[in-house]
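Lettering follows sequence order; numbering is per chain, from 1. No hydrogens, no waters, no symmetry mates; every other heavy atom, side chains included, goes into these values.
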Protein chains: 2
Amino acid sequence: MRQILDRIADKWSLLVIALLDERPLRFNELRRTIDGISQRMLTVTLRQLERDGLVRRTVFPTVPPRVDYELTPLGMSLHATIQALVTWTEEHQQEIAAARTAYDADTRPSQAVSADDAL
Amino acid sequence: MRQILDRIADKWSLLVIALLDERPLRFNELRRTIDGISQRMLTVTLRQLERDGLVRRTVFPTVPPRVDYELTPLGMSLHATIQALVTWTEEHQQEIAAARTAYDADTRPSQAVSADDAL
DNA sequence: CTGCATCCTGTTGGATACTG
DNA sequence: CAGTATCCAACAGGATGCAG
């Protein structure tokens, strides 16, 4: 069960599942939308999601080739939960940012505690 | 927002938040309960959660020292979502296991695709 | 008991080049 | 377009020793 949680609680997997909610997307559509993901990580992530039965991969034998990725029913059942997590993050990011600032001010007045601050 | 998602979508953070639901726990209680976590990772995880305002750390100046960790209101608001994720995982682990077996049988009939199988 | 500091290793993941 | 293969750097994370 921990191995499943690890898989699902992966930042790229989360984003991919969140994005495939509306409609199937092609490889490069995902690549462009998920700013910062490398081709390699997108491939790896999609393979894992496919293996776990969360995403279906459909190859169109055309030239140039075309591959669609879409959520399976299992994937869609997970999407609701994922979405709740994303929504929570959106709603509370101000509080978290404030908590970080307060924490850093209390404990390390003149030094950043992590590189997160630079993002 | 991605940095926040990365933080909470961490396997150790998820487990810690899930465990602190019932009552405050001491450092070594958490350590014993979360099988496989090292002292270092528990410390790091708790510091991050504290910095993000999700967990409150309380030091009792006794001998020997005692430190309690408990969810803040913000942490508790996240717990519901986390719990939904954990519940989903419990409910669907059979399907995922089956999907993995089917995937491996189709694509790599005689070879494991990852070390997950050994867990 | 609850940590922090240090060292060291394995894995993750980015960059690049090549293929169907 | 949609990948695979390779190399390599960065970082996560374990082990150990020490401190309050």
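Checked by atom type and distance alone, the side chain of A/Asp52 never pairs as donor or acceptor with a backbone atom of A/Leu54 at under 3.5 Å.
Looking at B/Leu42 and B/Trp12, their side chains never come closer than 4.5 Å, going by heavy atoms from C-beta outward. Residues A/Arg51 and B/Asp104 form a side-chain contact, since some pair of their non-hydrogen atoms from C-beta on lies under 4.5 Å apart. Contact annotation: the side chain of A/Ile17 approaches that of A/His79 to within less than 4.5 Å [non-hydrogen atoms, C-beta and beyond]. B/Gln94 places none of its side-chain heavy atoms less than 4.5 Å from the side chain of B/Ile96. Contact annotation: the side chain of B/Thr58 approaches that of B/Glu70 to within less than 4.5 Å [non-hydrogen atoms, C-beta and beyond].
Shown are B/Leu20, B/Asp21, B/Leu71; of these, the side chain to side chain contact (heavy atoms under 4.5 Å, CB included) with B/Met76 is made only by B/Leu71. Across A/Thr72, A/Val55, A/Asp10, a single residue satisfies side chain to side chain contact (heavy atoms under 4.5 Å, CB included) together with A/Leu49, and that is A/Val55.
One distance of note links CG of B/Leu19 with CG of B/Leu14; it measures 10.5 Å at 0.5 Å rounding.
The span of DNA chain C lying next to chain A, judged by atoms under 4.0 Å from heavy atoms, is bounded 5' to 3' by C/dG13 to C/dG20.
Spacing between atom CG of B/Asp10 and atom P of D/dC11 amounts to 16 Å, rounded to whole angstrom units. The distance from atom CD of B/Gln48 to atom C1' of D/dC11 is 13 Å, rounded to the nearest whole Å.
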Side-chain polar contacts of residues 28-38 of chain B - donor-acceptor pairs under 3.5 angstrom, sequence neighbours left out - could you list them?
{"residue": "B/Glu29", "atom": "OE1", "partner": "B/Arg26", "partner atom": "N", "Å": "2.7"}
{"residue": "B/Thr33", "atom": "OG1", "partner": "B/Glu29", "partner atom": "O", "Å": "2.6"}
{"residue": "B/Ser38", "atom": "OG", "partner": "B/Met41", "partner atom": "N", "Å": "3.2"}

If you look only at distance, which donor and acceptor atoms sit under 3.5 Å apart when one is on a side chain in residues 81-92 of chain A and the other is two or more places apart or in another chain?
{"residue": "A/Thr87", "atom": "OG1", "partner": "A/Gln83", "partner atom": "O", "Å": "2.8"}
{"residue": "A/Trp88", "atom": "NE1", "partner": "A/His92", "partner atom": "NE2", "Å": "3.4"}
{"residue": "A/Trp88", "atom": "NE1", "partner": "B/Ser77", "partner atom": "OG", "Å": "2.9"}
{"residue": "A/Thr89", "atom": "OG1", "partner": "A/Leu85", "partner atom": "O", "Å": "2.9"}
{"residue": "A/His92", "atom": "ND1", "partner": "A/Glu95", "partner atom": "OE2", "Å": "2.7"}

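With hydrophobic clusters built from ILVMFWY side chains whose heavy atoms lie under 4.5 angstrom apart, A/Val59 does not share a cluster with A/Val63.
Sorted by residue number, the members of residues 34-47 of chain B with any non-hydrogen atom under 4.0 Å from DNA chain C read B/Gln39, B/Arg40, B/Thr43, B/Arg47. Taken residue by residue, residues 56-67 of chain A places heavy atoms nearer than 4.0 Å to DNA chain D at A/Arg57, A/Pro64, A/Pro65, A/Val67.
The side chain of A/Tyr69 contributes an N or O atom lying less than 4.0 Å from OP1 or OP2 of D/dG3.
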Evaluation steps, side chain to side chain contact (heavy atoms under 4.5 Å, CB included), between A/Arg23 and A/Leu25:
CA-CA 6 Å; A/Arg23 61 185 178 88; A/Leu25 293 175; 3.5 Å; yes

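Rounded to 10°, the helix from C/dC1-D/dG20 to C/dG20-D/dC1 has 50° between the axis fitted to its first five pairs and the one fitted to its last five.
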